[in-house]
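Here is the structure we will look at, set down as structure tokens.
Everything numeric in this text was worked out from a predicted model, so none of it was measured.
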Amino acid sequence: MDHSISRRQTMKLFCGLAATGSLAGCTEDKSPAENTTTTEPESTAPATRTTPPSTETTESTTEPTTAEPTTTESTTTETTTQSSGKEVSFSTNDDRTVKGTLYGSGSCAVLFVPGDESDRAAWEPQASTVAGEGHTALTVSLDASSRGVTKAKTVAGAVSYLREKQSAKTVVAVGASSGASAIVRANTLSGTSIDGSAIISVGDAVSYAPELSGRLLFVVGKNDKKRYVQATSMMHQQAPNPKRIEKLPTDGHGRGIFDTDQGSALENMIIKFSNTVCSG
């Protein structure tokens with residue numbers, strides 16, 4: 001009797017332990033399985049779906065980042081010169097010292113002159129592009145308070161600097177608004193040789209048109225103020241050949257055209273014009 005109870009108790013204990021072990025085992029088996037199944041669909045599936053965008057974003061973010069060091073390592077001079085430029089200074093024939101920013105190098109040089117509303121830094125994107133074409137680019141600022149003749153002498157001094165100090169054989173001048181007027185006046189100064197002039201949104205100095213030399217490009221927004229549209233048209237009519245006029249469908253003025261949907265068109269015109277003049 002005692003032995004029988006002992007066996008039954010032992011069996012119950014054994015079964016209880018077995019059941020407990022089985023339950024524990026089942027709990028352990030289910031728990032990881034449930035976790036893995038839940039994690040894989042929720043983490044992996046979204047991650048897989050998210051990964052392409054994430055990878056593309058990473059790749060596009062990484063490519064510029066990778067490209068910059070690569071460019072810096074292989075073309076350090078170009079990157080430094082074209083992106084930030086090098087500050088230089090030159091003298092004018094009225095005893096002033098003018099600062100400018102120099103980009104790139106080449107036997108053909110392109111001078112960029114802004115209007116009174118901006119400074120030389122505004123031309124950096126276009127100067128960098130020109131430098132990338134294998135040319136020298138120089139940007140200068142004009143003193144907004146100075147007279148027209150003083151601004152013209154700044155341009156003339158810049159042209160002399162490019163020819164004498166940078167050994168430029170060909171010089172193209174690009175000016176916007178009052179910068180365009182300064183280029184027009186400088187073009188007619190004795191001793192100043194400009195091979196090509198891109199005149200953007202000019203508003204005065206029309207009387208100088210017949211005396212202009214070199215290849216000429218006139219650009220104006222069709223919907224700019226009447227004064228600039230008329231002055232540009234009149235100057236084009238009176239200027240000698242070779243010449244061309246472009247009237248863009250915008251109300252943008254001077255460098256302001258770059259802020260409109262015609263910005264790319266204007267930049268392409270400048271680059272194409274510069275390359276044409278530089279190629280002779």
Worksheet item: If you look at every heavy atom in Pro210 and Ser207, which pair is closest and at what distance?
Response: CD-O, 3.4 Å
Worksheet item: When clusters are formed by joining ILVMFWY residues with side-chain heavy atoms under 4.5 Å apart, either directly or through shared neighbours, do Val219 and Met234 land in the same one?
Response: no
Worksheet item: Between NE2 of His135 and OG of Ser107, what distance do you get to the nearest 0.5 Å?
Response: 8.5 Å
Item to complete: Find the distance between SG (Cys108) and CD (Gln166) and round it off to the nearest 0.5 Å.
Response: 13.0 Å
Worksheet item: Just by distance, with hydrogens left out, do Arg255 and Ser118 show a side-chain donor and acceptor under 3.5 Å apart?
Response: no
Item to complete: Using modelled atom types only, decide if a donor and an acceptor are shared between the side chain of Arg120 and the backbone of Gly100 within a distance under 3.5 Å.
Response: yes
Worksheet item: side chain to side chain contact (heavy atoms under 4.5 Å, CB included) with Leu111: which of Val174, Val155, Ile194?
Response: Val155
Worksheet item: Quick one: does Val220's side chain get under 4.5 Å of Leu248's, heavy atoms only?
Response: no
Worksheet item: Looking at side-chain heavy atoms only, is the closest gap between Phe112 and Glu124 below 4.5 Å?
Response: no
Worksheet item: Quick one: do Met269 and Val277 end up in the same hydrophobic cluster if we chain Ile, Leu, Val, Met, Phe, Trp and Tyr together by side-chain heavy atoms under 4.5 Å apart?
Response: yes
Worksheet item: Is it true that a side-chain atom of Thr260 and a backbone atom of Gln262 form a donor plus acceptor pair closer than 3.5 Å?
Response: yes
Worksheet item: Got a second to check how far Phe273's CZ is from Cys278's SG, nearest 0.5 Å?
Response: 9.5 Å
Worksheet entry | Spacing of CZ belonging to Phe90 relative to OH belonging to Tyr161, to within rounding of 0.5 Å | 8.5 Å
Discussion item. Determine whether a donor-acceptor pair (N or O, by modelled atom type, separation under 3.5 Å) exists between the side chain of Arg96 and the backbone of Lys153.
Written reply: no
Practice prompt. Give a yes or no answer on whether the side chain of Lys243 reaches the backbone of Gln237 with a donor-acceptor pair at less than 3.5 Å.
Written response: yes
Worksheet item: Side chains of Val171 and Arg163: does their closest heavy-atom pair fall under 4.5 Å?
Response: yes
Worksheet, complete the sentence: Closest non-hydrogen contact found for Leu189 with Ala152 is CD1-O, 4.0 Å
Item to complete: For residues Pro114 and Trp123, report the shortest heavy-atom separation together with the two atoms involved.
Response: N-NE1, 3.1 Å
Worksheet item: side chain to side chain contact (heavy atoms under 4.5 Å, CB included) with Leu138: which of Thr101, Val88, Val110?
Response: Val88
Worksheet, complete the sentence: Partner of Ile257 under side chain to side chain contact (heavy atoms under 4.5 Å, CB included), picked from Leu266, Asp251, Asp224, is Leu266
Discussion item. Side chains of Thr192 and Asn187 only: does a donor on one sit below 3.5 Å from an acceptor on the other?
Written reply: no
Worksheet item: Linking I/L/V/M/F/W/Y whenever their side-chain heavy atoms sit closer than 4.5 Å, directly or via other members, would Val159 and Leu212 fall into one cluster?
Response: no
Worksheet item: Looking at Ala137 and Val130, what are the two nearest heavy atoms and their distance?
Response: CB-CG1, 4.1 Å
Worksheet item: Between Lys99 and Glu87, does a side-chain contact (heavy atoms from CB on, under 4.5 Å) hold up when you go through it step by step?
Response: CA-CA 7 Å; Lys99 291 182 178 180; Glu87 187 169 285; 3.7 Å; yes
Worksheet item: Nearest heavy-atom pair of Gly115 and Ser178: which atoms, and what distance?
Response: CA-OG, 3.2 Å
Practice prompt. First locate atom CD1 of Ile183, then atom NZ of Lys151, and finally report the distance between them rounded to the nearest 0.5 Å.
Written response: 12.5 Å
Discussion item. Quick check against the 3.5 Å criterion: does Ser201 have a side-chain atom that pairs as donor or acceptor with the backbone of Gly254?
Written reply: yes
Item to complete: Measure the shortest side-chain to side-chain distance between Asp204 and Arg185 over non-hydrogen atoms and say whether it is less than 4.5 angstrom.
Response: yes
Worksheet item: Would you say the side chain of Phe258 lies within less than 4.5 Å of the side chain of Gln126, judging by non-hydrogen atoms?
Response: yes
Worksheet item: Shortest non-hydrogen contact from Ala109 to Ala168?
Response: CB-CB, 3.7 Å
Worksheet entry | Donor-acceptor contact present, side-chain Asp195 to main-chain Val172, <3.5 Å | no
Item to complete: Would you check if there is a donor-acceptor pair between the side chains of Thr232 and Lys247 at a distance under 3.5 Å?
Response: no
Practice prompt. Using the rule that two of Ile, Leu, Val, Met, Phe, Trp, Tyr join whenever any of their side-chain heavy atoms come within less than 4.5 Å, decide whether Val202 and Tyr208 are in one cluster.
Written response: yes
Discussion item. Donor-acceptor check, side chain of Thr136 to backbone of Gly106, threshold 3.5 angstrom: yes or no?
Written reply: yes
Item to complete: Assign the ring pair Phe218 / His236 to parallel, tilted or perpendicular, where the plane angle (0 to 90°) is split at 30° and 60°.
Response: perpendicular
Worksheet item: Hey, what do you get for CD (Glu267) to NZ (Lys272), rounding to the nearest 0.5 Å?
Response: 15.0 Å
Worksheet item: Do the side chains of Ile245 and Leu217 join up, straight or via other hydrophobic residues, at under 4.5 Å, putting them in one cluster?
Response: no
